[in-house]
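The structure is given below, and queries will be raised subsequently.
Naming convention: chains lettered A, B, ... in sequence-line order (proteins, then strands); numbering from 1 in each chain.
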Amino acid sequence: MTERVPVSMTVNGEDVQRFVEPRTTLGDFLRVEMELTGTHLGCEMGVCGACLVLLNGKPIHSCLMLAVAAEGETIETVEGLAESKAIADIQQAFHNRNALQCGFCTPGMLVTAHEILKSEHPLTREEIRDELSGNYCRCTGYEAIVDAIEQVFVARAAGREVEASGQFAETAA
Amino acid sequence: MNMALNNTDRPNSYIGRSVTRPNALRLLAGKGRYVTDIKLPRMLHAAFLRSPYAHAEIKSIDTTEAAALKGVHLVATGEDLAKLCKPWVGTLDHFRGMKSAPQLPLAVGKVVWAGQAMVAVVAETRAIAEDALGLIQVEMSELPPVVDIDQAREPDSTRIYPELGDNVAFKLTVESGDVKAAFAKADGELEETFFTGRHTAVTMEPRAIIADYNASEEALTVYHATQTPYQFQDLFSRLYGIRESRVRVIAPDIGGSFGMKLHVYNEDMSVVGLSMLCGRPVKYVADRLESFVSDIHARDHRIKTQVAYDASGAILGVKVDDVTAIGAFSTAPRTSVVEGNQVVRLIGAPYRFRDYRADLSVVFQNKVQTSQYRAVGHPIACLVTESLIDRVGQKLGIDPFEMRRRNIVTSDMYPYTSPAGYKFERLSHEACLDGLYKLMDYPRLREEQKALREKGIHRGIGIAMFVEITNPSPAFYGVGGARISSQDGAIVKITPAGEVQCLISVGEHGQGTETIIGQIVAEHLGVDRELVRVITGDTDVTPQGGANWACRGAGIGGETALQAAKKLKQNVLSVAAAILQSAPGELDLINGQIVNRSDRVERIPLSEVARISYYRSDTLPPGTNPQLTAAHHYSPQGYPFAFTNGVQACHVEVDAETGFTKILDLWVVEDCGRIINPMLVEEQIRGGVVQGLGAAFFEECRYNESGQLENGSLADYLVPMACEMPDIKIAHVETPTQDTELGAKGCGEAGTAASSAAAMNAVNDALAPLGASVSQIPMTPQRLLKALGRG
Amino acid sequence: MVTKTKKPLVPRLGSERVKPAPFRYFRANSLAEAFAAYAEAEGDCTYMAGGQSLLPVLSLRLQTPSLVIDISRLEELRGISLANGVLRIGALTRHNEMLHSPEIARYAPLLSKAAPYVAHPAIRNKGTIGGTIAHADPAAEFPGMTLALNAEFEIANSEGRRREPANGFFRGLYETGIAPGEILVAIHVPVFGEHDRCAYHELARRRGDYPLVGCGVRATIRDGVATNGRFAFIAVGAVPQRAFAAEAAIEGQRLDETAIAAAQTALEQDLQPDDDSETTGAMRLHLAKVLLGRLLREIALSPSKAVEAAA
């Protein structure tokens, strides 16, 4: 064990100061120190995409960054994005379309979807799949996720919210 | 959607509707609570030192330095835990003659696969525990590893367990009719050998467990990422000698399971003992590298086949020799021979030939053990069968659809018993084939294929029929002595506010169990779905049951919930009748209101019945004793299994210069009986298909000759990702089982069952004009190039 | 640590551990600070830029330095600028900036074309071109492409700065011309000329994976005649490789099927990939030839920048 060193950063809009071991990854810092367990660790080597968070607004792997290296930076996790309603329509579309099963990959998927949906023009299904290329999902087979993201593109282009499909969701098939 | 919905105009009609999943909302908010996320007061963390060798003796272990590291609380060896935990053996009586060595939490004396846990460290943090692993000194002496399936069976081969005699775990012959005579009268025969790659589940959430032993009460609480909490209650109780009633297993949100999270794992068993030794909660989460060398693997088979046929394309007989390697042990409690058993029993299942012989050999080797993983045996049986059908068709110039039409078990033949002894109540092969033909617009695809071939573009179309085992009765495991339950239990209760809670033994891992149970309870009780809360996965709370395996949640769990809801409804109507001075038979419960059965006029809200029952029973007529909780247990009693069926088609383009394949389309027509939630059925199918496509093109645990896994990381073991997977079109045929009132069967494995086979047939269809073919999955570019003579 | 009775143990990859060993951390605010920290740690340390290659190495405990020197905030390593016909790309330029930079697209389009193949979007948001070149994975896109571009590396050490050409820079598996303690500061790329053409493609099992083979080609094509062809291959050996014989086969030639076939044949002299457990060397060479053929056809058919500008 090495001496803990101070680090301060903004996490989901909150200024936080902590002492951490230098070897602590941002992913472990968020999950253990901040108790933000929405960010998941699926491989701890930057492959699965479950641990994606926003670093100064851009998705990065929280398992591939040291917490100490985030000094002064702004981090947003799925919890922050959910609470600020920044991804409310994406969450709704995922829910309507059942674009998640076990939900373990979902925080990373939502972070990527949030980034994809910043595109000024709607992406094609192929382009959406390309942008999702670093997010592993074992349950869905991806199609529902692509559908949900498409649905948000359509809604945003029309300037409307994604409405809850309520008790009777439309199936895509 | 081409399915018929019934009763959809009734209030609270939910069965057959694509409703969303209430419990998905918390997962979408980052508020799931997986075992990985749970932190208990004073919790410690475990890590394991693993064997670097596939086969070696442990000469000595020195833990002094590791134990002295600051932050380390305990270093335990195999001997330490063997004092607390009884050994377990992964055999079952109904697999006659099968054998396997006893297992203990940690290796004692020798290791039998690379990655086997030898020493456990418990420390303040996982990182410190990992630091301590580096300080443990183990002196080992390598033994010759048994790796190859043929070498393992040689008379002079190294015995992994000399006390077992040889390295053969189990042998089985399935014989029906007169296969010799079938071959004698055949117009033609062909033979082919198939290989299916060792595969693993790669759930997004790795295995995770927290054991919390409380010595003062001699009670154990385990938070466990498992499909089968009751099974583990039994195992922890028996192996550690803790009273069953004091063992509580909680399965919270589970990050994927696919059959992988119901086996006995050394680390999971160790953690219980570690908590007992430390007197504190101990958590273990497998990291991804550990998952690859300690999660069960599956599907490692070599299947030699011969098929006899006549000039009309009728299959006359099939001979099979399946050799499968299962690692160093048979996995408890389900064994590692079920997969092979299902391979040899499912080969040919959709077809009518009667003359069949299959020999199965299940072999030990120095690799991590295999066992049940999604669609156990089905993809292998399907791959073999469907490839043989196509190969015969190709010989005779008969179209794949026509080959199948000529050979399937037709609707006039049910009930039907297959040559291997499976009893089919009613399957819908013709309807599924016809549905697929239309869904994929088969003639147009064939025209397009022809036109593109002239331009040097090689596309292929492959179809594959499947039969899936669901709703298993005790015939599956119970008869073999396994303490694995085939029944499920549900408790449905009305709360004082007139809302509903359903506690049920089937669990939720993302497939939507809680949602469909809520649909069934709401419909059969007669309340809004929003009012029904479904609670799963806690042995102190939910009733005893088999939980989730072999596609039983909808069929068995659903029927249990249905009957419990009906029972409760009768109870509600009895109380209401007492209040209203009516008779239960004259009343009904619709949308939370007690109404007249005759004219549906509202009489009293359910909430009022509940209020009176719980708070003002004094106002009820004497002798009225309201029972607003009903419990029901259900176990399949008719057919031993409820078989489902369907057909898939795959469309690919092969780059003949590079061996790379692009999957263009995939279609599924499936029949899982009564559909409760079409959206969830379709998502189960899609997810399943993609796991089968992973097996077909990407996934394989590659071992070298010394028994080392060479690609045991997520960067090297290739799982299907978004760019390579197609959109999947699905249609349904509904043939409800008559064994239950609900009529539902399972659907979780159907996608996986046939997609590898459809993909192989498609690739071989593309390769046919080039004179090449493959019979091994995954169909890597390297293997395709080799088949094309370019490697 | 596991020891064995007879021969010493070859450590298994990571021993299934994913939490890094302990180390100290120092964030350098200048190159001078970085060099001083390196000297003080007597080399038992590592520099970290974007960390996308380093973090897995640390997490798997493949390296256990006592000190990590964070150079990711050194302004001296940032920026893309053009001077005297040479594009200078700061070592901390992120892969995502490479993908979207108009300067890169205009003056070093081969790098723009290779950029989408670099890992996945989130990695590209953090990983840097300097980091990937210093790490020198033989299957990584950017290090290999510096060969086709005749790039030069600007390397700093405590004494000052020096230049080293890409050709010869990649010495062995993960070994480069950067000496211990030195820091790659920038990549210098001669600008893409009016008649230059380039193309990149790779054969990867899945999108974003390291490829079985990758190749970037550039050539000057005037009146249909190719000169100054430079072909760089990745994932064909311990280091990324130029294909000098294949390049010579098209020098001064029209890029027709005859010339392309000659280049493909000549490639046998350039590349001798080894067998591995999945792929034979012969197969890899075959794939390299296929790829080269496709890329040469692509540049033969694609309009030059001059034509694009006119259109």
Side-chain angles (χ1 to χ4, degrees), chain A residues 1 21 23-24 31-32 35-45 47-48 50 77-79 81-82 91 94-98 100-107 110 125-126 128-130 132-146 164-173, chain B residues 1 14 17-21 24-25 27-34 36-37 39 70-71 127-128 131 201-206 253-258 287-288 509-512 529-530 678-680 682-683 686-691 713-715 719-723 725 727-731:
Chain A
M1 196 156 50
E21 270 196 272
R23 64 164 150 177
T24 308
R31 287 178 50 79
V32 178
E35 299 186 335
L36 291 165
T37 54
T39 298
H40 293 144
L41 299 176
C43 70
E44 299 178 80
M45 56 191 292
V47 182
C48 78
T77 71
V78 66
E79 291 93 337
L81 291 170
Q91 292 168 300
F94 270 59
H95 191 233
N96 290 351
R97 183 58 191 87
N98 202 47
L100 72 161
Q101 288 180 31
C102 82
F104 202 79
C105 74
T106 306
L110 291 170
R125 292 181 73 79
E126 208 169 310
I128 293 170
R129 284 182 181 272
D130 197 54
L132 288 169
S133 68
N135 287 83
Y136 170 45
C137 169
R138 188 55 146 179
C139 300
T140 64
Y142 306 100
E143 183 172 338
I145 295 167
V146 178
S165 55
Q167 295 198 329
F168 305 118
E170 294 297 319
T171 53
Chain B
M1 205 66 28
Y14 299 108
R17 301 270 206 188
S18 288
V19 303
T20 53
R21 287 164 53 211
L25 289 168
L27 307 179
L28 283 161
K31 296 197 168 162
R33 192 163 183 257
Y34 302 86
T36 323
D37 302 333
K39 186 156 87 177
K70 190 166 176 253
I128 295 171
D131 295 343
V202 201
T203 56
M204 270 298 311
E205 182 192 32
D253 289 328
I254 309 292
S257 47
F258 315 116
D287 68 42
R288 187 59 64 188
H509 315 127
Q511 73 280 60
R529 187 172 83 95
E530 296 282 310
M679 177 169 73
L680 296 185
E682 291 179 10
E683 289 314 300
R686 287 199 173 90
V689 161
V690 164
Q691 284 186 20
S713 86
L714 206 48
V719 289
M721 299 297 283
C723 287
M725 291 298 115
D727 284 341
I728 297 161
K729 293 179 195 68
I730 300 169

So, the part of E79(A) with a heavy atom under 4.5 Å from chain B: the answer is both

#### Entry: Pair R686(B) + E683(B), salt bridge at N-O below 4.0 Å
yes

*Hey, is D727(B) close enough to R129(A) for a salt bridge, meaning N to O under 4.0 Å?*
yes

Q. Ignoring hydrogens and geometry, is there a side-chain-to-backbone donor-acceptor pair from Q691(B) to R138(A) under 3.5 Å?
A. yes

Counting distance only, does the side-chain N/O of R21(B) pair as donor-acceptor with the main-chain N or O of Q101(A) below 3.5 Å? yes

Given T106(A), D130(A), N98(A), T140(A), the one with more heavy-atom pairs under 4.5 angstrom with chain B than any other is N98(A)

Under 4.5 Å to a heavy atom of chain B? For S133(A) that would be both

Bottom line for Y142(A): the part with an atom under 4.5 Å from chain B's heavy atoms is side chain

Counting heavy-atom pairs under 4.5 Å with chain A, the top scorer among K729(B), K31(B), K39(B) is K39(B)

With chain B, the option among G134(A), C43(A), C102(A) that has the most non-hydrogen atom pairs under 4.5 Å is C102(A)

So, the part of E35(A) with a heavy atom under 4.5 Å from chain B: the answer is side chain

Of the listed L27(B), I254(B), V690(B), the one with the largest count of heavy-atom pairs under 4.5 Å with chain A is L27(B)

Highest number of heavy-atom pairs under 4.5 Å with chain B among C139(A), A50(A), G38(A) belongs to C139(A)

Does R125(A) reach the main-chain N or O of V146(A) with its side chain, forming a donor-acceptor pair under 3.5 Å?
no

With chain A, the option among I728(B), T36(B), D37(B) that has the most non-hydrogen atom pairs under 4.5 Å is D37(B)

So, the part of L100(A) with a heavy atom under 4.5 Å from chain B: the answer is both

Rounded to the nearest 0.5 Å, the CG atom of N135(A) sits from the CE atom of M204(B) at a distance of 8.5 Å

Take D131(B) and R23(A) through the test side-chain contact (heavy atoms from CB on, under 4.5 Å) and record every step on the way to the result.
CA-CA 12 Å; D131(B) 295 343; R23(A) 64 164 150 177; 2.6 Å; yes

Ranked by heavy-atom pairs below 4.5 Å to chain A, first place among H509(B), R288(B), Q511(B) goes to R288(B)

Separation between NE2 (H95(A)) and OG (S165(A)), nearest 0.5 Å, reads 7.5 Å

